[in-house]
Amino acid sequence: MKKFLFLFIFISALGLAQDKTVVKRDPYLQPSAPARTQPLKPEDKIKIIHADKIIKDPEKYEGNQYFTGNVQIEHQGSVLTADEVVLYSEENFAKAIGNTKLQNADGSVITAGEMEYDGNTQKGVARKNVVLTDPKQTIKTDILYYDKLANQAYFNTGGTISDGQNVMYTKSATYFLNTKMIDFVGNVKIDNPQYIIEGVNIKQNQNTKVAEFFGPTTITNRENPKNRVYTERGTYKMETKEAFLNKNSKIFYNDKILTGDDMYYNQITGFGKATGNVTLDDPKERRFIKGGYGEIFEKKDSAMMTRSPYAVKAMEKDSVYFAAEKIISYQKPDTLDVNVKKSYLRAYKKARIYKSNAQGRADSIAFNETDGVMHMYTHPILWSGEKQVTGDKVEAYFNTKNENIDSLKVIGNAFAISKVDSLNLKDEFNQVKGKFMTVYYEKNDIKEARVVGNAQSIVYVDDTDQETKQPQRIGITLSACGIIGALFEERALQIISCSIGATSDTYPMSKIEPAKRKFPDFNWNTKDRIRKWQDILVDTPNYDEIKYTGDNELYNQAQEAIEKERAKEEAKKPKRVRK
């Protein structure tokens, strides 16, 4: 026996005649087959090394001889000392009672109140304040079972295992001597100065300091109990504090929850990653992010998601959806108060956003969730109802109380377009543009715009027919000003102010050619428009472009009349005849 020879009371028969009374044994030591009939070899017998007295009392120990006083017995290199030993030589079985101590050849030591050992099956039992000590750990329990042939030690009455850094509490455990693997069964608790592991089925290798989880298990940060790891199948490197999680796993950190099919987490660095069906849930911010791959940085309080990621910011009456090739969320202290943390969300490359009253696209979107400020960079486009806003950069301001958009700022090449009548397919659009634009919302819809710098507008003008009480088209007004104030109404765009070098002319429909009814950079987009939240899950929904019909009848009639008059004038001119 080269490993821990727990509980072995290796005593050889002395050749003294004893009664053949069957000894009472622990059920674990009951032989499963008839007793051997062949004589034992000398090396298989229990040997006596020393005893102060040899006693035989017919009324004690079934009449078997017993030894008292500094008793020492030996078997295959292991030595047991005790106050008293009873030898059942014909069964090759022994009992040790009082201050029992087993010293094994490999340096391991077991102490207990009493021990039993069967030399034939090489199984043993130690009871009462059992302590096993070896270079790897100390095991304490009330009853310890040992199988020398299988090289296993086992207890099921509750016990602790300590290795200098960790203390493990469990109802049942099996120790595999060859591999130094401990198999915990039932409720297990591993106590460490930095963390606590609790689970129902854990295997731990004392050589490699690696624990494997085969059931619901939690690793809790002792300093911050809210930061913890949960899994139902995984591996944990106890020295490097690295967790590899493979089933129904969750990482709780900074009031957030990361889940995924396969996960990794380093408790020292705070870095974690997940692949396959990844979700980062932030209940405090009422926001979650989903994707195919995610990373978290606990100490920086930041996270990144890729592989078709999207984020949902839940609100009382509405929700905001974001998507891009990469989404990053993070928190950082407020510049005015370091004790206040602000939350941010950034979507990079082909970013999309959906809200019931506003949808948009840009190369990237940055959202200050705490203050409700959203920045859209590089070719931004924002739709609201049948209105569209574009520019070099768009800033949207959310009211953090009612969670609605209050206003927009469009910086550089600002351009707002609204369909004159959303109920028809006429090619009629009100337009206003300039260097800078501020757009104001009212009841979740664009209501007013103020344009500064080279402001221009194209506005369809109607009036009410006094007889029919129906709107009647007057014409189109072209305006150019330093500053324009425009009011968006249900079916009209009203220029309420036009100042600084203002010029404004209204043309009847018969006198304004179709090419001048739109600015050269007119960019109404129906192909890429996001109409439902699921549209953000693709680069573009690629809708069929809506075909609008131009109403050019009056203009064409006027042109025909002009051509007829021109023809008449040409006919009146004398024709030169060459002779």
Side-chain angles (χ1 to χ4, degrees), residues 312-322 352-362 365 367 371-376 380-391 393-411 414-434 436-452 455 457-462 471 477 484-497 522-526 528-536 541 543 546 548:
V312 180
K313 174 79 172 180
M315 297 181 175
E316 290 294 339
K317 299 178 181 179
D318 199 0
S319 295
V320 184
Y321 299 79
F322 297 88
R352 288 91 66 189
I353 176 177
Y354 174 88
K355 195 175 184 294
S356 63
N357 67 320
Q359 307 84 42
R361 331 175 58 88
I365 295 175
F367 184 36
D371 296 337
V373 181
M374 183 178 70
H375 302 265
M376 303 176 69
I381 180 169
L382 191 74
W383 296 275
S384 185
E386 289 301 308
K387 304 175 183 67
Q388 174 186 293
V389 176
T390 58
K393 177 185 176 183
V394 173
E395 295 178 356
Y397 297 85
F398 289 79
N399 186 313
T400 55
K401 291 183 178 180
N402 60 30
E403 301 174 337
N404 292 324
I405 297 178
D406 276 347
S407 61
L408 303 174
K409 284 186 179 180
V410 188
I411 302 169
F415 194 171
I417 305 171
S418 67
K419 187 77 171 62
V420 174
D421 189 345
S422 61
L423 300 179
N424 63 41
L425 293 177
K426 289 184 178 182
D427 193 15
E428 298 176 341
F429 295 89
N430 292 318
Q431 304 150 63
V432 59
K433 60 181 294 188
F436 306 98
M437 182 186 301
T438 303
V439 178
Y440 300 95
Y441 277 70
E442 183 178 292
K443 296 180 180 180
N444 289 329
D445 195 10
I446 292 177
K447 183 64 177 177
E448 186 178 345
R450 177 179 171 84
V451 186
V452 178
S457 67
I458 297 176
V459 178
Y460 283 74
V461 182
D462 292 341
T477 298
I484 283 180
L487 186 66
F488 290 87
E489 297 177 339
E490 184 177 354
R491 296 177 59 180
L493 175 65
Q494 180 182 352
I495 303 300
I496 56 177
S497 65
F522 180 86
N523 58 0
W524 183 256
N525 188 330
T526 59
D528 300 318
R529 176 161 187 181
I530 299 166
R531 297 188 178 276
K532 56 183 184 296
W533 83 264
Q534 290 86 350
D535 287 345
I536 69 169
Y543 288 117
I546 297 176
Y548 296 99

Looking at CE of M376 and CD1 of I353, how far apart are the two atoms once the value is rounded to the nearest 0.5 Å? 6.5 Å

How far does OH of Y397 sit from CG of L408, to the nearest 0.5 angstrom? 9.5 Å

In this structure, CG of N399 is separated from CD1 of I405 (nearest 0.5 Å) by 11.0 Å

Given 3.5 Å as the limit, does a donor-acceptor pair link the side chain of N424 with the main chain of K426, or not? yes

At what distance, to the nearest 0.5 angstrom, does CD of E386 lie from CG of D421? 10.0 Å

Would you say the side-chain atoms of Q359 pair up with the backbone N or O of K355, donor to acceptor, closer than 3.5 Å? yes

Kindly say whether G385 contributes a backbone atom to a donor-acceptor pair with the side chain of N357 at under 3.5 angstrom? no

Check the pair V439 / L382 against side-chain contact (heavy atoms from CB on, under 4.5 Å), numbers first and verdict last. CA-CA 11 Å; V439 178; L382 191 74; over 6 Å; no

Polar side-chain atom of T390 near backbone of I381 as donor-acceptor pair, under 3.5 Å: no

Which atom of I536 lies closest to which atom of R352, heavy atoms considered: O-NH2, 2.5 Å

Only residue of V459, L487, V461 satisfying side chain to side chain contact (heavy atoms under 4.5 Å, CB included) with Q494 is L487

Distance check, rounded to the nearest 0.5 Å: F436 atom CZ versus R450 atom CZ? 13.0 Å

Kindly give the heavy-atom pair with the smallest separation between S418 and K387, and that separation in Å. CB-CG, 3.7 Å

Residues, nucleotides or ligands: over 12 heavy atoms within 6.0 Å of K409 NZ: no

Are the side chains of T477 and I495 in touch, meaning some heavy atoms are under 4.5 Å apart? no

Between D528 and P541, what is the shortest heavy-atom contact and its length? O-CD, 3.8 Å

In this structure, CH2 of W383 is separated from CG of N525 (nearest 0.5 Å) by 5.0 Å

Can you spot which of Y354, Y321, F322 makes a ring pair (Phe, Tyr, Trp, His ring centres under 6.0 Å) with W533? Y321

Check: E448 side chain, E442 main-chain N or O, donor-acceptor pair, under 3.5 Å: no

Taking all non-hydrogen atoms of both residues, which atom of F522 and which atom of Q431 are closest, and how far apart? CD1-OE1, 3.5 Å

Flag this pair as yes if the NZ/CZ of K419 is under 6.0 angstrom from the six-membered ring centre of F429 and inside a 45 degree cone about the axis; otherwise no. yes

If you take all heavy atoms of Y460 and D427, which pair is closest and at what distance? OH-O, 3.7 Å

Can you give me the closest heavy-atom contact between G391 and P380, atom names plus distance? O-CD, 2.9 Å

Between K433 and F415, is NZ or CZ placed under 6.0 angstrom from the six-membered ring centre and within 45° of the ring axis? yes

